[in-house]
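The structure under discussion appears below in the form of structure tokens.
Letters A, B, ... mirror the listed sequences (proteins, then strands); counts begin at 1. All values below were derived from every heavy atom in this structure, side-chain atoms included, with hydrogens, water molecules and symmetry-related copies excluded. Since the structure is predicted, the reported quantities are computational estimates derived from the model, not experimental observations.
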Amino acid sequence: MAFEKGNGINLKKYNTKKGINIINVKTDKFKTASINLFIHNQLDRETVTQNALIPMVLKRGSKDFPTMQEISRKLENLYGSFFDCGVVKKGERQLQHFFIDGVNEKYLPGGEKLLDSCAKLLDNIVSKPFLDNNGFKCEYVQQEKDNLSKLIQSRKNDKVQYAVERCYELMCTGERYGIHEWGKVEDLDSITPEILSKRYHENISKAKIDILVLGDVGEKWISVLEDIIGVKTDNSSLVEKEEIKKDVSAIRTFVDEMDVNQGKLSMGFRTNTSLADSDYYDLLVYNSILGGGVHSKLFQNVREKNSLAYYVFSRMDKFKGTMMISSGVESTNFEKAKTIILEQLDDIKAGKVTGEEYETSIKALENSLRNLADEPIQLVDFCLGQSIIGSDDSVEEILKKIRSVKLDDVLKISQKINLDTIHYIKPRGGR
Amino acid sequence: MKKSTIENSSIGEKLFVCEYDNGLKAFVLPKKGFTKKYATYSTHYGSIDSEFIIPSEKDITRVPDGIAHFLEHKLFAQKDGDVMDKYAALGASSNAYTSFDHTAYLFSCSEEFKKCFELLVNFVQNPYITDESVEKEKGIIGQEIRMYDDNPNWRVFFNFLDALYQKHPVKIDIAGTVESISGINKETLYKCYNTFYHPSNMIVFVAGDVDHDWVFESIASNQKIKEYKPEIKRIFPDEPKGINKKMVEQKMEVSAPLFIIGFKEDTVNAGPDYAVHSAGMNILMEMLLGKGSDIYTLLYEKGLITSNFDADYTFESNYSYSTIGGESRNPEEVREIIINELNKIFSKGLDKESFERIKKMKIGSTLKIFNSVDKIGHQFVASYMKGLEFFKLSDAYRNIKFENIESIFKKHFILDNIAMSVIRPTHP
């Protein structure tokens, strides 16, 4: 059990008899309370599409609310409580996420026990699905297979996001990290209600399950929640640790053509460092200097000095130790942009980082960490990340680690970072 | 200067207000226990204000499309360096956005609030625009425009506005076009700045754990020298009744057709009925097309729509419309079903039970805005600019009657005023 003070985060952890971990962040700052249930699965080519499909089928109907319309109407009656579910990817882990967000009773007329009802509805959807003879209702499975297929195909609609995902897909072919969390259309045909039900039962009885509760609730209500939740897990299915270190023998280049106006240039890197390593915070500062905001070298040089792009950033995956630089540029300027981007990396390697760049990069990281406690979604994401790596570090402790990073440490880590893959999206038929 | 306090006990929030002699208004919403502080300085000047009469002149001034947004970019440049860099040095983050009717400059920080705030008030009042920097910005904004040109959700929306409106400038993209911004120069930017960036046309809003008296005094000492200016005359073309086109189509690299179907409102809803009409429309859209509605259920079960589906209502000071948008293999069939179902409801009447349910839902969802200082700031400014009282939004939902909804329903859903925009795949 950990208890944390400072920065407004008051966090307690409970290991329940049902094998589920409950993490309670107690705060009266928000008008709502949210319950987030995470099922941790290995991101795996064999099961990825099934795992993605399960939440979609579950939200179609539960034992007490057999249709989506009944679930929606129940939520409306619960003063617009919001429910949704889906899958998220963290490193090489695919998590099924179910969450409900309900208004704090003290702002409502009549003072109903709203949060109890929210917890019961969430549990009904997760642990008591609507079943017929073969498991999940056939019609629901069929329709949601169709919807998942549409969802996977729609990935290309958002070009900014797609550019990043596609580059990682190509860079990490053959690694689990190269798998998209929504899975593949080609898997859908062979999924039957029986197969899906079997997978679902395996998820809820064997995987690690975390429930994050954020709001003005304390120990007493946590035990109410513990009774409401109907799943029990033996934590027997384990998630393997990501492979972080990888040598790059040759930089690979890929080009996709699409019907677009603006080209996209993405560059994937191996940092050979992850959250579990002692020099992780050096990498965090490095990334902030390179492309972590308006103060960064990439923003200043690609956008401000050379007017080549509206957006350019570098982003790390702290679990896998990969880094992605991505930018929207005219395809005729690809080479120019690439040269300027690589110059920024070389400059850091050569120690060309000003005191100001170093200071503002640290300050930007500090600011976002301090503000974490005020944004429910970011707070949940932070707690989940801590749970994944098994860390009890408080925000204060993390701030201390960031502040202790010296410029020399940044130079040292810059030597470990290698370009792996370059990906271009070019306008179709263009040069 | 005149100070006052507005309190709303049902949402557990308080708002401190200060009105200055030169017309500037400032608002502080205290958020005890929050680390994050958010402040915005906004002007009632957006992309639709492209024709106006400068207070000291007689003739109409017409400026290039996209200039309000261009000016937003350029205000960050100061004589002694870029404002973004200054905020970064203070450990804060700054941003700005331009909408149809306003431009907002903002920052959020955890420390150094006073310095950040003084910087905000000062930089917005001190433009430093050079010919060279204007040319440089054209490259950056050009790429911003090209990025949006590739965004199917953005395109389906602007094509929809083009289908609705014959003349109203809301149909023009906020950033303009690569061509229209090529005609922007230093002189026109200053002309727009001097007309619209005046205290009487602007507001300051702060949310967070801050001392409101300090905020008000800090503005007071800064504003002493600025005098009140006469009202700006904005010119909008007379928008004829009825829609522009029934359908606008475009082909893009998408996986399946994306659509927006919606109704244009011919009457402009001015006056105190605003709040009731707007709340009523929001309830209606949810009752008729929300996730708990019969129409949504019917369309979903037929496989005609996915969970990527939304029904909304938008209203601004001189235009308003509803939108129903999503992804479908057959948008025309979606439209046909919606029209048929609406016709059925016309004859059998609205469902009172749904009304009560959605009313509860809306009371809860307006409370949720108050979870985040960013959201509060964004919504407060948007409401203020269209003449709505932000603090009374939840009251409007609490007080609305079924009879209000019935009359709004009959007024809004006029079949002659329905238009549609579709983005189709280039490679079906």
Can you tell me if [X] and [Y] form a side-chain donor-acceptor pair at under 3.5 Å?
| X | Y | value |
| --- | --- | --- |
| B/T426 | A/D259 | yes |
| B/E327 | A/N157 | no |
| B/Q143 | A/Q262 | yes |
| B/D149 | A/N261 | no |
| A/Y310 | B/E144 | yes |
| A/N147 | B/T306 | no |
| A/N371 | B/S108 | no |
| B/D294 | A/Q69 | yes |

Subject >> Engaged part of A/V329 at the chain B interface, taking heavy atoms whose separation is under 4.5 Å >> reply: backbone
Original post:
Which bit of A/N104 is near chain B, if near means a heavy-atom gap under 4.5 Å: side chain, backbone, both or neither?
Top reply: neither
Original post:
Relative to A/F82, does B/K368 satisfy both conditions: NZ or CZ under 6.0 angstrom from the six-membered ring centre, and within 45 degrees of the ring's axis?
Top reply: no
With a 4.5 angstrom heavy-atom cut-off, is it the side chain or the backbone of [X] that approaches chain A, or both, or neither?
| X | answer |
| --- | --- |
| B/I358 | side chain |
| B/L258 | side chain |
| B/Y87 | neither |
| B/S9 | neither |
| B/T297 | side chain |

Subject >> Closest approach of A/Q143 to B/E301 (non-hydrogen atoms, all atoms of both residues) >> reply: NE2-O, 3.1 Å
Any heavy-atom pair between the side chains of [Y] and [X] that's under 4.5 Å?
| X | Y | value |
| --- | --- | --- |
| A/D374 | B/V373 | no |
| B/E111 | A/R370 | yes |
| A/E304 | B/I140 | yes |
| B/R357 | A/R73 | yes |
| A/V260 | B/R146 | no |

Original post:
Can you pull the salt bridge (Lys or Arg N to Asp or Glu O under 4.0 Å) pairs that have at least one residue in residues 147-159 of chain A, sequence neighbours excluded?
Top reply: A/D146-A/K150, A/R155-A/E165, A/R155-A/E169, A/K156-B/E253
Original post:
In Å and rounded to the nearest 0.5 Å, what is the NZ to CZ distance from A/K29 to B/F34?
Top reply: 5.5 Å
Subject >> Rounded distance [0.5 Å steps], OG in B/S255 versus CD1 in A/I152 >> reply: 11.0 Å
Original post:
With sequence neighbours left out, what residues match A/H295 under side-chain hydrogen bond (donor to acceptor under 3.5 Å, both in side chains)?
Top reply: A/S288
